[in-house]
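As the structure is a computational prediction, the values presented were derived from the model and not from experiment.
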Amino acid sequence: MELLSLPITKVFLYALLTAVTTGLGAVPFFFIKDISPSLLGKSNAAASGLMLAASFSLIMEGYNIDQWMTLGGMLGGVVLVVLANRWMEDRTEVGVEDLITGKRKQMLLFLGIMTVHSFAEGVSVGVSFANTMEFGVFIAIAIAVHNIPEGLAISLVMVPQGTSAFKAVLWSIFSSLPQPLMAIPAFLFVEVFKEYLPFGLGFAAGAMIWMVFADLIPEALEKCSPKKVGLWVTLAILAMSAFQVLIGH
């Protein structure tokens, strides 16, 4: 039997595809060279809108399985990200600047939140493949396309702070690596992972919502007027919501 004909191999390759497509979100920054303060504010506002739309999409997915477990996951996500933020504030010697060539420790926290988000999506891919191979392929492609604006959200935060477009591609892909890593165990132990999927979805959503209002929105307001921030947040939510409708996710 050829290696590519094995179901586990196919699950891994499709899940890996979802991770790689995240890097496409950074492509526009290969052509944007001038990052003005105004653009930085708009970038943070747009990233906020993309993250909020993605968060509420995760919440609704969790509600469809178990509402209370989803709520518990949201609480857990908020608690963990608050504790992680306090830990990072007490350890400025960690060397975040050296790690991502940026200026703010929040970028590392943001990247961590998006990576946590990917664990839940990886489980979704694996559970879908355990249903039928065709359904798994559909969900994997939908998540792959959905990951592009998530990569854009990551790049909108990282590039204006000094990270190169190429490194933004790599970090975007890195943030989605849990997808192929989690898809295989979820595929093999579908009943166990499916039971706790709502907690993972809520966990990621709670962490992202905290990040938006604790960090991204305040930074956007430092560079742009509240009306402009509100406009860009709203437009990003509308764009992400329309995007999700188009891909049926």
Kindly indicate whether the side chain of [X], heavy atoms from C-beta on, has any atom under 4.5 Å from the side chain of [Y].
X      : Y      : result
Lys223 : Ser38  : no
Pro185 : Phe193 : yes
Val123 : Tyr196 : no
Ser164 : Lys167 : yes

Under a 4.5 Å side-chain heavy-atom rule over Ile, Leu, Val, Met, Phe, Trp and Tyr, are [X] and [Y] clustered together?
X      : Y      : result
Leu238 : Val233 : no
Val190 : Ile8   : yes
Val229 : Trp232 : no
Leu235 : Leu152 : no
Val212 : Val82  : yes

Measure across [X] and [Y] and return the closest heavy-atom pair with its distance rounded to 0.1 Å.
X      : Y      : answer
Ser124 : Ile143 : CB-CD1, 4.3 Å
Ser155 : Ala168 : OG-CB, 3.8 Å
Ala19  : Pro180 : CB-CD, 4.1 Å
Ala183 : Ala15  : CB-CB, 3.7 Å
Val127 : Ala186 : N-CB, 4.2 Å

Asn147 versus Gln179, side-chain donor and acceptor atoms under 3.5 Å: yes
To the nearest 0.5 Å, how far apart are [atom1] in [X] and [atom2] in [Y]?
X      : Y      : atom1 : atom2 : answer
Phe56  : Ile237 : CZ    : CD1   : 8.0 Å
Asp66  : Lys194 : CG    : NZ    : 12.5 Å
Asn44  : Leu221 : CG    : CG    : 10.0 Å
Tyr63  : Met69  : OH    : CE    : 13.5 Å
Phe189 : Ile184 : CZ    : CD1   : 11.0 Å
Phe29  : Thr163 : CZ    : OG1   : 10.5 Å

Member of Leu216, Ile32, Leu156, Val157 meeting the side chain to side chain contact (heavy atoms under 4.5 Å, CB included) criterion with Ser43: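 That would be Leu156; it is the only one of Leu216, Ile32, Leu156, Val157 passing the side chain to side chain contact (heavy atoms under 4.5 Å, CB included) with Ser43.
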Do the side chain of [X] and the main chain of [Y] share a donor and acceptor less than 3.5 angstrom apart?
X      : Y      : answer
Ser176 : Ile173 : no
Ser128 : Gly136 : no
Thr22  : Ile148 : no
Ser172 : Gly23  : no
Asn64  : Met60  : yes
Ser57  : Ala53  : no

Under the criterion side chain to side chain contact (heavy atoms under 4.5 Å, CB included), I'd like the reasoning laid out for Phe187 against Val125: C-alpha separation, chi angles, the key distance, then a yes or no. CA-CA 8 Å; Phe187 174 71; Val125 172; over 6 Å; no
For Glu121 and Glu150: C-alpha separation, side-chain torsions, deciding distance, then whether side chain to side chain contact (heavy atoms under 4.5 Å, CB included) applies. CA-CA 12 Å; Glu121 290 189 337; Glu150 291 183 2; 3.4 Å; yes
Evaluate the ring-ring contact (aromatic ring centres under 6.0 Å, His included) criterion for residues Phe203 and Phe119: first the C-alpha distance (whole Å), next the side-chain angles of each, then the deciding distance (0.1 Å), finally the verdict. CA-CA 10 Å; Phe203 189 96; Phe119 276 93; 9.6 Å; no
Evaluate side chain to side chain contact (heavy atoms under 4.5 Å, CB included) for Leu177 paired with Ser118, printing each intermediate quantity in order. CA-CA 7 Å; Leu177 286 182; Ser118 295; over 6 Å; no
Begin with the C-alpha distance, continue with both residues' side-chain angles, and end with the deciding distance and a verdict on side chain to side chain contact (heavy atoms under 4.5 Å, CB included) for Ile154 and Thr115. CA-CA 11 Å; Ile154 292 172; Thr115 303; over 6 Å; no
